[in-house]
Amino acid sequence: MKNSVYRAPKGTRDLVWPDSERRRSFIDLFSAIAGSAGYAEIVLPMFEHIEVFQRLGDGTDVVSKEMYDFEDKGGRNLALRPEQTASIVRSYAEHRPSLPWKVWYAGPNFRYERAQKGRFRQFDQVGIEALGTEDAYLDVEVIAIAWRFYESLGLKQVDLLLNSVGTLQDRIRYIEALSEYFEKQKNGLSTEAQETLISNPLRVLDSKRDEDIKVVSEAPSILEYLSDEAKNHFNKVQEGLNKLKIPYSVKPNLVRGLDYYVQTTFEFTTKSIDAAQDAIGGGGRYDGLAAEMGAPATPGVGFALGLDRTLMACEAEKTFIGPGQFLQVYVVDTTGGENSLVITDELRQKGFKVDRSFGNRSMKAQMKAADKSGAKIALIIGEDEVEKGVVTIRDLRGEEGQEEIASDSVIANLEKRLG
RNA sequence: GUGACCGUAGCUCAGCUAGGUUAGAGCACCUGUUUGUGGUACAGGAUGUCGGGGGUUCAAAUCCCCUCGGUCACCCCA
């Protein structure tokens, strides 16, 4: 039973009802909100040529150590997608749809890392991407869609963290200055941070270790290195958010884990989850990515939200709770099962959620199953009922008791009771 | 990749410190009390390679080693 082969692989799990249905409703709600803003669904391959993802940045963990890569029988180097933005830009470069191109997606991503609370090797994300304009109001639209989605879920403890990492040139200048500063302060940094400094200086800003926090807090701010172009863009984003009354806080050391971001970056965190992983969503602008994949230079902006973590937050805030009832009617038949075979089929065609038991069990056992099923109503068919041409209809949840009704009035009766 | 804790019935766990007859409890499940009626009560029943392998011992769920798996944290991200 506990052997290591016949079980879900590390970092994966089986989702069964009601969790499976909650996931579906989550995606349905997201689809409705993204659709209302002109975003169309896109369904992408779960794996790509590995080069697609290497565009995320050699110095990033996602590429250097978390990639599920493999060689197929044709000798192609492929990788399960660790995220979907890169695939979308690849799809854009491949098909060149007319602009603006606005798409939403939902589905699993894969990262090879140690699982912990709120972190899995296979995890679902929903997100949107919009390509084709540098207008900062598009950044605002994108952020607003995420924000309204959280509101629709009923989440109240979400914080929007906002930053600008400037243009590509700004970022290069900033990294130089930052490296210089950290080199001088090297002795005050943890050994881990010192290693990060070599591979990706920006990431040091993200460190959670106490010793680093002091050094980081006095580090030069990206905001001082923004060009006029980047400043204007960033101001317009903030102004737009203000107009929509979406609260945010500017966090200059918010740098995201993927190298392709320029200008706007943002992240959604929650206070409600009791776990170290409190980032439930994030995104930003990636104006250079399309060109890197062989398309004409095309600006883009988007976000991804973690489905599992967001649902954890919903659970903590007691909102967007799962489906209420699974079944409406349970048919109890002690005459061999043929009568229930026919009536369940009829009722199902009428749209009722109906189940029954199999295997000629005793009435008591069937009633027990009816109760456990959660159904509101039991339809009882025994010898007496068959003789009289009636069905006993019994209220399992309320005070209404039971009554015999004519067989041909069952549907009308159920419609009245279940409304 | 690093660290800490954990691994006994379907689930939650006791037993392990000072090794010793057929390994326990609660919940869930099945049957009955109720010759047609669930949710309460009572009675009975089925259920375990004590994660796996090796070692110590007359004897290991219990001690030692290895291994696999889980959880949480670091790293990083959703």
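Numbers restart at 1 for each chain; the letters A, B, ... are given by sequence-line order, proteins then strands.
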For residues 34-45 of chain A, which side-chain N or O atoms pair as donor and acceptor with protein atoms under 3.5 Å away, sequence neighbours left out?
unit_1, atom_1, unit_2, atom_2, d
A:Ser36, OG, A:Ile33, O, 2.7
A:Tyr39, OH, A:Glu141, OE2, 2.8

Given the [atom1] atoms of [N] and [M], what is the spacing between them in whole Å?
N     : M     : atom1 : value
B:A23 : B:G52 : P     : 15 Å
B:C74 : B:A14 : C1'   : 34 Å
B:C63 : B:G26 : C1'   : 30 Å
B:A60 : B:C65 : C1'   : 15 Å
B:G53 : B:A43 : P     : 39 Å
B:U22 : B:A18 : C1'   : 25 Å
B:A73 : B:U56 : P     : 41 Å
B:G3  : B:U62 : P     : 25 Å

Nearest-angstrom distance from the residue atom [atom1] of [X] to [atom2] of [N]:
X        : N     : atom1 : atom2 : result
A:Glu83  : B:C76 : CD    : P     : 18 Å
A:Met67  : B:G1  : CE    : P     : 17 Å
A:Glu400 : B:G39 : CD    : C1'   : 16 Å
A:Ile273 : B:A78 : CD1   : C1'   : 10 Å
A:Gln116 : B:G70 : CD    : P     : 14 Å
A:Arg309 : B:A78 : CZ    : C1'   : 4 Å
A:Gln366 : B:U31 : CD    : C1'   : 16 Å
A:Lys368 : B:A41 : NZ    : C1'   : 12 Å

Among the nucleotides [options], which one has an atom lying closest to any side-chain atom of [X]?
X        : options             : value
A:Ala276 : B:G39, B:A78, B:A73 : B:A73
A:Arg397 : B:G38, B:G36, B:A78 : B:G38
A:Ala365 : B:U31, B:A78, B:G39 : B:U31

Determine the contact category for [X]: base if any of its heavy atoms lies under 4.0 Å from a base atom, sugar-phosphate if only primed atoms, P, OP1 or OP2 are that close, otherwise nothing.
X        : result
A:Gly281 : sugar-phosphate
A:Leu305 : nothing
A:Glu113 : base
A:Arg361 : sugar-phosphate
A:Ala370 : nothing
A:Glu385 : base
A:Ala275 : sugar-phosphate
A:Phe120 : base
A:Lys364 : base

Side-chain ion pair, A:Arg119 and A:Glu113, N-O less than 4.0 Å: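 Answer for the salt bridge query: yes.
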
N-O pairing of A:Arg417 and A:Glu403 below 4.0 Å: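 Between A:Glu403 and A:Arg417 there is a salt bridge, with a charged N closer than 4.0 Å to a carboxylate O.
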
With [X], which residues qualify under side-chain hydrogen bond (donor to acceptor under 3.5 Å, both in side chains), at least two apart?
X        : value
A:Asp159 : A:Lys271
A:Tyr92  : A:Thr298
A:Ser31  : none

Position toward the 5' end of RNA chain B (nearest nucleotide), A:Lys117 or A:Phe268: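 First, find each residue's nearest nucleotide; the 5'-ward one identifies A:Lys117.
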
RNA chain B: 5'-proximal contact among A:Gln402 and A:Gln277 (nearest heavy atom): A:Gln402

Pair of N/O donor and acceptor under 3.5 Å linking B:C76 base with A:Arg119 side chain: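 Side chain to base: pair found, below 3.5 Å.
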
base_contact_polar (B:G3 base, A:Arg114 side chain, donor-acceptor, <3.5 Å): yes

A:Arg121 charged N/C atom sitting above A:Tyr112 aromatic ring, 6.0 Å / 45°: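 So A:Arg121 does make the cation-pi contact.
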
Stretch residues 389-396 of chain A: residues that reach within less than 4.0 Å of RNA chain B through a heavy atom: A:Arg394, A:Leu396

Distance-only donor-acceptor check, side chains A:Tyr248 and A:Asn242, under 3.5 Å: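 Side chains of A:Tyr248 and A:Asn242: pair found under 3.5 Å.
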
N/O (side chain, A:Lys372) to phosphate O (OP1/OP2, B:G38) under 4.0 Å: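 So the side-chain polar atoms of A:Lys372 never come under 4.0 Å of the phosphate oxygens OP1 or OP2 of B:G38.
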
With A:Ala316 via side chain to side chain contact (heavy atoms under 4.5 Å, CB included) - residues at least two apart: A:Ser272

[N] - base-pair partner by Watson-Crick or wobble geometry, distances under 3.5 Å:
N     : answer
B:C76 : none
B:U31 : B:A43
B:C5  : B:G70

Flag if over 12 foreign heavy atoms under 6.0 Å of CD1, A:Ile321: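 Check fails, neighbour count at 12 or below.
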
